[in-house]
Engineer: 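Let me begin by handing over the structure; questions about it come next.
The chain is numbered in sequence order, starting from 1. Just so we're clear, the structure is a prediction, and the values are computed from it rather than from any experiment.
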Amino acid sequence: MKIRKAVITAAGLGTRVLPASKAMPKEMIPIVDKPAIQYIAEECVKAGITDILIVLSRGKHVVEDHFDRSPDLEKKLYESGKLDTLNDMLNIAKMADFTYVRQQEQLGLGHAVLCAKNFVGNEPFAVLYGDDVIIGEDPAIAQLCRAYEKYGKGVAGIKEVSTEEVKKYSSMKIEPLESGLFSITDMVEKPSEEQIYSNYSILGRCILPPDIFEILETIPNGRNNELQLTDAMKVLARKDGMIGVDFTGKRYDMGNKLGILKAAIDVGLSRPELKDELAAYIKETAAKL
């Protein structure tokens, strides 16, 4: 079954990047000239997804404004003859059908996904974490969609990370299936050293069947007394198994100050109009270190 719906979770407070996120959602922090969440939405569209729900929290209406039309700005661009920029602005609003829901309390990632139940209905759907921008020629979520279409099971985007990072994220119990694909039969959220199954963690992307909602509605709260999505996926993995996709593309943690800087540098170096001057500046700065 083709995946046509995606949920982007963007309700977090962004405490790791304060004070930048005090008045501006961290998802709106720009990578050169586009906010982080636009890269995530574009990833969905490139994968053939047509309907996107963004889970927001209080004070994040600016995200809705970004994906909406702006008649005054459009009129000004038209009158100024900036037609290429005008087309870029129009394309933002029409790239997909956007819907929004507010997570009224910060009750965990699982609760944020549960807020999407009415939007999703009875079909599989993609989940993209608002902190994680993944840039590559083959969209990461498209790689997961293909795995779902082939195996018909829930899919998690996974990468091998350091032991210290595993303790901060999650650990997957895996067996190789084929190149870049694994069978997942168990997992644990933020494991202690003794609980680690492998150094593969879920990083920012998954495809879930609609059964996940019933699981989320019945499991108890987990770590930090929050409803953890990993705990729900663990039930799914133990019952039916899941597929792990070691996706290609570079991931940037936009909830992390260093991640934001790395993203800006790498994207800047990929832009023809910026790369030469930026590279020269980097070399000049590096020579002084």
Engineer: Return the minimal non-hydrogen interatomic distance between Ala140 and Thr248, and the atom names on each side.
Structural biologist: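 The answer is CB-O, 4.5 Å.
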
Engineer: Report yes if the side chains of Leu109 and Thr9 come closer than 4.5 Å at any heavy-atom pair, otherwise no.
Structural biologist: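 Leu109 vs Thr9: side chains touch.
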
Engineer: Quick one: which of Ile135, Leu261, Ile134, Leu258 gives a side chain to side chain contact (heavy atoms under 4.5 Å, CB included) with Tyr252?
Structural biologist: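 Exactly one candidate clears the test, Ile135.
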
Engineer: If hydrophobic clusters are built by linking Ile, Leu, Val, Met, Phe, Trp and Tyr wherever their side-chain heavy atoms come under 4.5 Å apart, do Ile141 and Ile243 end up in the same one?
Structural biologist: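 The answer is yes; both residues are in one hydrophobic cluster.
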
Engineer: What I'd like to find out is whether the side chain of Lys150 reaches to under 4.5 Å of the side chain of Glu178, using heavy atoms alone.
Structural biologist: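 They are in contact (side-chain heavy atoms under 4.5 Å apart), so the answer is yes.
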
Engineer: Taking the side chain from Glu27 and the backbone from Ala36, do they hold a donor-acceptor pair closer than 3.5 Å?
Structural biologist: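 Answer holds: no.
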
Engineer: Check the orientation of Phe213 and Phe125. Use parallel for under 30°, tilted for 30 to 60°, and perpendicular for over 60°.
Structural biologist: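 Judged by the thresholds at 30° and 60°, the geometry between Phe213 and Phe125 is parallel.
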
Engineer: State whether Tyr148 and Lys153 meet the cation-pi test: NZ (Lys) or CZ (Arg) under 6.0 Å from the six-membered ring centroid, and within 45° of the perpendicular axis.
Structural biologist: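 Cation-pi check for Lys153 and Tyr148: fails.
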
Engineer: Any Lys/Arg nitrogen of Lys34 or Glu42 sitting under 4.0 Å from an Asp/Glu carboxylate oxygen of the other?
Structural biologist: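 Yes, Lys34 and Glu42 are salt-bridged.
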
Engineer: Check Arg251 with Asp131, please: is the shortest side-chain N to carboxylate O separation under 4.0 Å?
Structural biologist: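 A salt bridge is absent here (no side-chain N lies under 4.0 Å from a carboxylate O).
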
Engineer: To the nearest 0.5 Å, what is the distance between NZ on Lys283 and CG on Leu278?
Structural biologist: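 So the gap between those two atoms works out to 10.5 Å.
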
Engineer: Where is the tightest heavy-atom contact between Phe98 and Ile92, given as atom of each residue plus distance?
Structural biologist: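 Scanning both residues completely, I find the closest heavy atoms to be CE1-O, 3.9 Å.
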
Engineer: Is a salt bridge present between Asp51 and Lys5, judged by a nitrogen-to-oxygen distance below 4.0 Å?
Structural biologist: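 Lys5 and Asp51: not salt-bridged.
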
Engineer: Out of curiosity, Arg4 CZ to Cys44 SG, how far, rounded to the nearest 0.5 Å?
Structural biologist: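 Rounded to the nearest 0.5 Å, the CZ-SG separation comes to 14.0 Å.
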
Engineer: Is the Tyr100-Phe119 ring centre distance short of 6.0 angstrom?
Structural biologist: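 So the answer is no for these two rings.
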
Engineer: Should Lys168 and Glu165 count as an ion pair when the cut-off is N to O under 4.0 Å?
Structural biologist: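 Here Lys168 does not pair with Glu165 in a salt bridge, since their nearest N and O are not under 4.0 Å apart.
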
Engineer: May I ask you to decide if Ala96's main-chain N or O and Thr50's side chain share a donor-acceptor pair within less than 3.5 Å?
Structural biologist: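 A pair under 3.5 Å: no.
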
Engineer: Is there a donor-acceptor contact under 3.5 Å linking the side chains of Gln195 and Ser171?
Structural biologist: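 Note: Gln195 and Ser171 side chains miss the donor-acceptor criterion.
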
Engineer: Hydrogens and angles aside, do Tyr197 and Asp186 bring a side-chain donor and acceptor to less than 3.5 Å of each other?
Structural biologist: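 Looking only at side-chain atoms, Asp186 and Tyr197 do form a donor-acceptor pair, the distance falling under 3.5 Å.
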
Engineer: Does atom CD of Glu137 have more than 12 heavy-atom neighbours, drawn from other residues, nucleotides or ligands, at distances under 6.0 Å?
Structural biologist: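 No - once you tally the heavy atoms of other residues, nucleotides and ligands closer than 6.0 Å, there are 12 at most.
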
Engineer: Counting neighbours of CD on Gln106 that are heavy atoms of other residues, nucleotides or ligands and sit closer than 6.0 Å, is the number greater than 12?
Structural biologist: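 Enclosed: over 12 neighbouring heavy atoms sit under 6.0 Å from CD of Gln106.
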
Engineer: Please assess Glu277 against Arg271 for the test salt bridge (charged side-chain N to carboxylate O under 4.0 Å, His left out), listing each intermediate value before the final yes or no.
Structural biologist: CA-CA 11 Å; Glu277 287 186 70; Arg271 299 286 184 86; over 6 Å; no

Engineer: Do Ser80 and Lys76 have side chains that approach each other closer than 4.5 Å (heavy atoms only, starting at C-beta)?
Structural biologist: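 Yes, close enough: below the 4.5 Å cut-off.
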
Engineer: So, do Ile158 and Val245 sit near enough that their side-chain heavy atoms are less than 4.5 Å apart?
Structural biologist: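 No. Closest side-chain heavy atoms not under 4.5 Å.
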
Engineer: Is any side-chain heavy atom of Tyr129 closer than 4.5 Å to a side-chain heavy atom of Ile8?
Structural biologist: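 Answer no - side chains too far apart.
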
Engineer: In this structure, are over 12 heavy atoms from other groups packed under 6.0 Å from Asn87 atom CG?
Structural biologist: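 More than 12 heavy atoms, drawn from other residues, nucleotides or ligands, come within 6.0 Å of this atom.
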
Engineer: If you measure only the distance, is there a donor-acceptor pair under 3.5 Å linking the side chains of Glu226 and His111?
Structural biologist: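 The criterion, which ignores hydrogens and geometry beyond distance, is not satisfied for His111 and Glu226.
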
Engineer: Does a salt bridge link Lys46 with Asp138, judged by any charged N lying under 4.0 Å from a carboxylate O?
Structural biologist: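 No, this pair does not count.
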
Engineer: May I ask whether Val7 and Leu229 are part of the same hydrophobic cluster, defined by side-chain heavy atoms of I, L, V, M, F, W, Y residues being less than 4.5 angstrom apart, directly or through others?
Structural biologist: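 Yes: a chain of side-chain contacts under 4.5 Å links Val7 to Leu229.
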
Engineer: Between Asp132 and Arg205, does at least one N-O distance fall below 4.0 Å, as a salt bridge requires?
Structural biologist: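 Salt bridge: no.
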
Engineer: Is any side-chain N of the basic residue among Asp211 and Lys239 closer than 4.0 Å to the acidic one's carboxylate O?
Structural biologist: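 No salt bridge links Asp211 with Lys239.
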
Engineer: Looking only at the side chains, is there a donor atom on one of Glu194 and Ser192 sitting less than 3.5 Å from an acceptor on the other?
Structural biologist: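 Distance-only check passes for Glu194 and Ser192.
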
Engineer: Checking side chain to side chain donor-acceptor pair (under 3.5 Å) for the pair Thr185/Glu175: CA distance, chi angles, key distance, verdict?
Structural biologist: CA-CA 8 Å; Thr185 54; Glu175 292 291 339; over 6 Å; no

Engineer: Do side-chain atoms of Ser21 reach the backbone of Met24 as a donor and acceptor pair under 3.5 angstrom?
Structural biologist: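 Flag not set: sc Ser21 to bb Met24 has no pair under 3.5 Å.
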
Engineer: So do Val17 and Asn256 actually touch side chain to side chain, heavy atoms under 4.5 Å?
Structural biologist: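 Asn256 does not reach Val17 side chain to side chain.
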
